[in-house]
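Positions are given from 1 along the sequence. Only a predicted model underlies this, so the values are computations on that prediction, with no experimental measurement involved.
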Amino acid sequence: MIEIKNVTKKYGKLVANENISMNVKDGEMAVLLGPNGAGKSTLIKSVCGLLRFDGSILIDGFENHTVQAKRLLGYVPEIPSMFGMLTVYEHLEFIAKAYKLENWKSLADELLARLELDDKAKKLGKELSKGMQQKVSICCALLHKPRAVIFDEPLVGLDPHAIRELKNLFEELKQSDSSLIVSTHMIETMEDNWDTTYIMQNGKVRASADKADHDSTSLESLYFSITEGGSN
């Protein structure tokens with residue numbers, strides 16, 4: 001479970017996140033929606049321990065900055081960050097050593113194959129396109145079988161096959177009781193996977209909704225009904 005309690009993040013006088021609270025249960029996907037500048041990426045970076053903030057964030061009961069929490073957390077950033085002189089496979093090997101994983105190679109091979117990177121395993125990071133780098137980021141984030149996974153615009157730059165596989169991975173992660181937070185502008189791609197949505201504007205959660213309470217309403221329609229009074 002991911003528990004965010006009264007989180008506020010300021011940059012000087014600018015309030016990027018103001019008193020945000022949300023819970024993402026085991027086996028649940030929460031989708032963060034909102035326009036550019038709404039504070040979604042700031043919140044995600046706070047959850048991942050990349051920013052200081054006021055409030056509390058727990059990962060399966062552990063404070064998010066602790067080693068215990070970081071072992072449970074996977075993160076796919078909006079902009080992939082790779083080592084230019086490491087190969088694709090060496091990135092996975094790096095993750096395996098960092099988390100002290102055993103018997104990880106079969107999962108690494110499976111992830112590479114599913115995202116059509118198996119024939120790119122020996123390519124250097126600097127030789128990869130943005131989309132391929134995004135695929136590597138996904139593989140690295142999932143290799144240690146995290147209990148909580150944070151995705152910041154994960155579908156941008158992916159080809160149709162990779163989008164389909166990532167959506168399948170979303171469902172598999174949920175079935176394994178992982179908690180997911182996904183920030184995206186590609187609302188229509190989340191229709192099959194979302195359980196809860198938090199709609200942000202101006203650093204605040206403007207509204208939240210559960211899919212179970214809006215079974216006949218699309219996520220896109222729900223978003224526009226809240227942010228634009230029903231006009232799209």
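- For the pair Thr197 (side chain) and Val31 (backbone), a donor-acceptor distance under 3.5 Å is present.
- For the residue pair Asn17/Thr42, the side-chain donor-acceptor check at 3.5 Å is not satisfied.
- Under the 4.5 Å side-chain contact rule for hydrophobic residues, Leu43 and Val15 do not share a cluster.
- Using a 4.5 Å heavy-atom threshold, the side chains of Lys9 and Lys45 count as separate.
- Atom CE of Met1 sits about 11.0 Å away from atom CD1 of Ile59, to the nearest 0.5 Å.
- For residues 196-207, the salt bridge (Lys or Arg N to Asp or Glu O under 4.0 Å) pairs, not counting sequence neighbours, are Glu18-Lys204.
- From Lys135, atom NZ reaches atom SG of Cys140 across 14.0 Å, with rounding to the nearest 0.5 Å.
- Two residues are said to be in side-chain contact when any heavy atoms from C-beta on lie closer than 4.5 Å; Tyr89 and Leu112 meet this criterion.
- Annotation: the span from Phe224 atom CZ to Ile187 atom CD1 amounts to 5.5 Å, rounded to 0.5 Å.
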Begin from the C-alpha positions of Ser208 and Met22 and carry the test side chain to side chain contact (heavy atoms under 4.5 Å, CB included) through to its verdict. CA-CA 9 Å; Ser208 63; Met22 61 180 71; over 6 Å; no
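- With contacts defined as side-chain heavy-atom distances shorter than 4.5 Å, the pair His185/Lys40 qualifies.
- Around atom NZ of Lys145, no more than 12 heavy atoms belonging to other residues, nucleotides or ligands sit under 6.0 Å away.
- Using a distance-only test at 3.5 Å, with no hydrogens or angles considered, a donor-acceptor pair links the side chain of Gln133 to the main chain of Leu128.
- The distance from the NZ atom of Lys5 to the CG atom of Asn23 is 7.5 Å, given to the nearest 0.5 Å.
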For a salt bridge (charged side-chain N to carboxylate O under 4.0 Å, His left out) check, start with the C-alpha distance between Asp60 and Arg71, then their side-chain angles and the critical distance, and finish with the verdict. CA-CA 11 Å; Asp60 206 25; Arg71 287 188 179 278; over 6 Å; no
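- Under a 4.0 Å N-O distance rule, the pair Asp195/Lys174 qualifies as a salt bridge.
- Tracing side-chain contacts under 4.5 Å through hydrophobic residues (I, L, V, M, F, W, Y), one reaches Leu50 starting from Ile44; they form part of the same cluster.
- Here the side chains of Asp109 and Ser106 are not in contact, with every heavy-atom distance at 4.5 Å or above.
- Across Asp152 and Ser41, no two heavy atoms sit closer than the pair OD2-OG, 3.0 Å.
- With hydrogens and angles ignored, the 3.5 Å screen pairs a side-chain donor or acceptor of Thr8 with a backbone N or O of Asn19.
- The minimum heavy-atom distance between Trp194 and Ala209, with the atom names listed, is CZ3-O, 3.6 Å.
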Taking it one step at a time, do Leu158 and Ile138 satisfy side chain to side chain contact (heavy atoms under 4.5 Å, CB included)? CA-CA 11 Å; Leu158 294 184; Ile138 294 167; 4.2 Å; yes
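- The closest side-chain heavy-atom distance from Leu111 to Leu92 is not below 4.5 Å.
- Partners of Glu165 by salt bridge (charged side-chain N to carboxylate O under 4.0 Å, His left out), not counting sequence neighbours, listed by chain and number: Arg114.
- The CG atom of Asn64 lies 11.5 Å from the CG atom of Leu72; values are rounded to the nearest 0.5 Å.
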Run the side chain to side chain contact (heavy atoms under 4.5 Å, CB included) test on Leu142 and Leu107 for me, step by step, so that the C-alpha distance in whole Å, both residues' side-chain angles and the decisive distance to 0.1 Å come before the verdict. CA-CA 9 Å; Leu142 300 183; Leu107 178 56; over 6 Å; no
Can Arg147 and Asp26 be said to form a salt bridge (charged side-chain N to carboxylate O under 4.0 Å, His left out), step by step? CA-CA 8 Å; Arg147 288 293 312 279; Asp26 293 343; 3.4 Å; yes
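- The two residues Pro35 and Gln201 have their closest heavy-atom pair at CD-CG, 4.1 Å.
- Within 6.0 Å of the NZ atom in Lys130, the count of heavy atoms belonging to other residues, nucleotides or ligands exceeds 12.
- A donor-acceptor contact shorter than 3.5 Å links the side chain of His144 to the backbone of Leu73.
- Judged by distance alone, the side chain of Asp210 and the main-chain N or O of Asp213 form no donor-acceptor pair under 3.5 Å.
- In this structure, Ser178 contributes its side chain and Pro146 its backbone to a donor-acceptor pair below 3.5 Å.
- Rounded to the nearest 0.5 angstrom, Lys70 NZ and Tyr99 OH are separated by 8.5 Å.
- At distances below 3.5 Å, at least one donor-acceptor pair connects side-chain atoms of Glu191 with backbone N or O atoms of Leu219.
- When side chains are defined from C-beta on, Lys167 counts as touching Asn193, because their heavy atoms get closer than 4.5 Å.
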Does the side chain to side chain contact (heavy atoms under 4.5 Å, CB included) test come out yes or no for Glu28 and Thr196, once each step is laid out? CA-CA 8 Å; Glu28 181 178 87; Thr196 304; 3.5 Å; yes
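- Smallest separation of non-hydrogen atoms from Glu63 and Ser56: OE2-OG, 3.7 Å.
- When hydrophobic clusters are built by joining Ile, Leu, Val, Met, Phe, Trp and Tyr residues whose side-chain heavy atoms come closer than 4.5 Å, directly or via intermediates, Tyr198 is not grouped with Phe151.
- The number of heavy atoms from other shown groups lying within 6.0 Å of CG (Asn103) does not exceed 12.
- No path of Ile, Leu, Val, Met, Phe, Trp and Tyr side chains, each step under 4.5 Å between heavy atoms, connects Ile79 with Val47, placing them in separate hydrophobic clusters.
- For the pair Phe53 and Ile20, the minimum side-chain heavy-atom distance is 4.5 Å or more.
- For CD of Glu188, the number of neighbouring non-hydrogen atoms (other residues, nucleotides, ligands) closer than 6.0 Å is greater than 12.
- Leu124 is not connected to Ile95 by any chain of hydrophobic side-chain contacts under 4.5 Å among Ile, Leu, Val, Met, Phe, Trp and Tyr, and they are in different clusters.
- Residues Val76 and Ala141 share a closest heavy-atom pair of CG2-CB, 3.6 Å.
- Looking only at distances, a side-chain donor or acceptor of Ser21 sits under 3.5 Å from a matching main-chain atom of Asn6.
- Side chains of Leu180 and Val24 form no contact here, defined as non-hydrogen atoms less than 4.5 Å apart.
- Heavy-atom minimum distance, Val182 versus Met29: CG2-CE, 3.9 Å.
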